[in-house]
Protein chains: 2
Amino acid sequence: MPPLTRARIVAAAIELIEREGADAVSMRRIAAELGVGVMSLYNHVPNKSALLDGVAEAVLSEIEFTDDPAAHWTERVRVQARTFRQIAHHYPRSTMVVVSRQLASTAGMLPVERALATLRGAGFDGREAVQIFRVFIAYVVGSLLREVGVTPGFAPVHRGDIRVADVDVQLFPEIGALSPHLLSCDHDAEFDFGLDLLIEAIAVRKQNARG
Amino acid sequence: MPPLTRARIVAAAIELIEREGADAVSMRRIAAELGVGVMSLYNHVPNKSALLDGVAEAVLSEIEFTDDPAAHWTERVRVQARTFRQIAHHYPRSTMVVVSRQLASTAGMLPVERALATLRGAGFDGREAVQIFRVFIAYVVGSLLREVGVTPGFAPVHRGDIRVADVDVQLFPEIGALSPHLLSCDHDAEFDFGLDLLIEAIAVRKQNARG
DNA sequence: CCTCCTACACGTACGGCGTACGTACGACAG
DNA sequence: CTGTCGTACGTACGCCGTACGTGTAGGAGG
């Protein structure tokens, strides 16, 4: 067995989270997974919270930006948002850990740097770039939260949204009428829909400011 | 002392969450807060998870829609989103509980009903209404997550974003240059900025579809 | 070679958690 | 008066994070 290492511990934590959910994560479970004693972990990680920070950092650092600097900024923003979402989908349950945790590591900052550079390159000033960046972050994180919350990991069985039969159609006529659309969801398409909406709106506003 | 009741338990839980944070919530703490034995709670609540569902439901049910049916749909959507955010700010720490939890109660459905009715009244078909609704939900929830994560509850002290001094300006020039904008944030203004962006984009797209 | 030191794996133990289970007691029905 | 039921409660079990002390293997200094 290779020596115990912070990286190995984090990897085991991620694997455990993906397999059994974030609630199943405990120092004891992780130690058992690695075949070591519980307290051995503490030689490489100061505490559980730091370990989860490590998980967030590891997930974030897997983002690979295949960014084409020659492309139009709208396309670059689109690609960056999609990339972020894609890796989140690779680790759906760990994503919950990532978003529910303040990230102050360098791994979390690289995507920020890229996004800001793209926006500034598009001609936005500092204030605008940060503001736009925050809007995108909010949208992407909000989308992920809904998607992975609904994801059939296998804990929340059969409740994509709400049991339609149970809703009082008198009280909630719209929900009743639109239940087919509420129950089905092409996550990819809907994500792109909102993403394009935002990009379009910003592009339009940019045009107006210059015109 | 009034008799123990599900409502009183939920209220105590919310108060405790707001005062000491979500991590401080335990059945024992809540029972102590109410001056009762731990197991007495279980006569009114099946388990802790259901209690937290109750917290989410209670928070959501405090949303009051002062909705003007005569107003333009863009204004109505704006008001609804702002209202949602406002009550979330009234219970900042409980909001984390709300968004991190699947809500299937009638309290959670009323805002949905209102929003869908507004969109359908504006002339969107069912699929469009649901799609647009989901985009707004994602944006609002994502914004709240960032805002309350940064909120100086008093647990996460002095790390609004990232210690600027610690970032390597060589590696992250944009972050270094834009740090003044990254560190300060007028949450109200920035929320409205993104909200208006979305509404504008949808309005434009609607115009084009009809034109 | 022996010795000492450091680093790391590990066991034990403490306080806190959610909650299953059994008990005690007051209110009300017959 | 007696039986039933709903509620408050104590105890106990198996988890949890982690402080602390111990054992040991491997490298450095003599």
Side-chain angles (χ1 to χ4, degrees), chain A residues 1-58 93-94 96-98 100-102 153-156, chain B residues 1-58 93-94 96-98 100-102 153 155-157:
Chain A
M1 195 68 91
L4 204 49
T5 250
R6 183 187 151 97
R8 288 220 313 139
I9 296 174
V10 168
I14 292 179
E15 194 198 355
L16 184 59
I17 291 175
E18 293 305 325
R19 182 153 32 88
E20 306 196 21
D23 294 346
V25 176
S26 79
M27 300 303 271
R28 286 172 162 83
R29 293 280 279 110
I30 294 171
E33 212 78 19
L34 290 166
V36 301
V38 195
M39 293 316 290
S40 306
L41 302 179
Y42 285 88
N43 287 318
H44 307 271
V45 164
N47 52 51
K48 185 183 181 179
S49 173
L51 198 168
L52 293 181
D53 284 341
V55 168
E57 189 177 349
R93 311 176 97 142
S94 302
M96 289 295 280
V97 175
V98 176
S100 68
R101 176 161 288 273
Q102 233 56 22
F154 57 111
Chain B
M1 196 66 94
L4 204 50
T5 249
R6 182 187 151 97
R8 287 219 317 138
I9 296 175
V10 169
I14 292 179
E15 194 198 354
L16 184 59
I17 292 174
E18 293 306 325
R19 182 153 34 87
E20 306 196 21
D23 293 346
V25 176
S26 79
M27 300 303 271
R28 285 171 161 84
R29 293 280 279 111
I30 294 171
E33 212 78 19
L34 290 165
V36 302
V38 196
M39 294 316 290
S40 307
L41 302 179
Y42 285 89
N43 288 319
H44 307 271
V45 165
N47 52 51
K48 186 182 181 181
S49 172
L51 199 167
L52 293 180
D53 284 341
V55 168
E57 189 177 350
R93 312 177 94 143
S94 301
M96 289 294 280
V97 176
V98 176
S100 67
R101 176 160 287 274
Q102 234 55 23
V157 206

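Each chain gets a letter, A, B and so on, in the order its sequence line appears, and its residues count up from 1. Treat the numbers as computed from the prediction; the structure is a model and nothing was measured.
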B:L41 and B:L34: CA distance, side-chain angles, deciding distance, side chain to side chain contact (heavy atoms under 4.5 Å, CB included) verdict: CA-CA 10 Å; B:L41 302 179; B:L34 290 165; 4.2 Å; yes
Trace of the side chain to side chain contact (heavy atoms under 4.5 Å, CB included) decision for A:V97 with A:V25: CA-CA 11 Å; A:V97 175; A:V25 176; over 6 Å; no
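Atom CG of B:D23 is separated from atom P of C:dG16 by 16 Å (rounded to the nearest Å). In this structure, B:R29 atom CZ and C:dG15 atom P are separated by 18 Å, rounded to whole Å. Rounded to whole Å, the distance from CG on A:L34 to C1' on C:dC10 is 15 Å.
Chain B approaches DNA chain D within less than 4.0 angstrom (heavy atoms of the protein), and the contacting nucleotides run 5' to 3' from D:dT7 to D:dA12.
For the pair B:L16/B:R19, a side-chain contact is recorded, criterion being any heavy-atom separation below 4.5 Å from C-beta on.
With sequence neighbours excluded, no residue satisfies salt bridge (Lys or Arg N to Asp or Glu O under 4.0 Å) with A:E15.
How far CD1 of B:I14 is from CG of B:L52: 10.5 Å, rounded to the nearest 0.5 Å. To the nearest 0.5 angstrom, B:M96 atom CE is 9.5 Å from B:D23 atom CG.
Across every non-hydrogen atom of B:I17 and B:R93, the tightest pair is O-CD, 3.3 Å.
Using a 4.0 Å cutoff on non-hydrogen atoms, the parts of residues 36-46 of chain B near DNA chain D are B:V36, B:G37, B:M39, B:S40, B:N43, B:H44, ordered by number.
Under a 3.5 Å cut-off, the side chain of B:T5 and the backbone N or O of B:R8 do not form any donor-acceptor pair.
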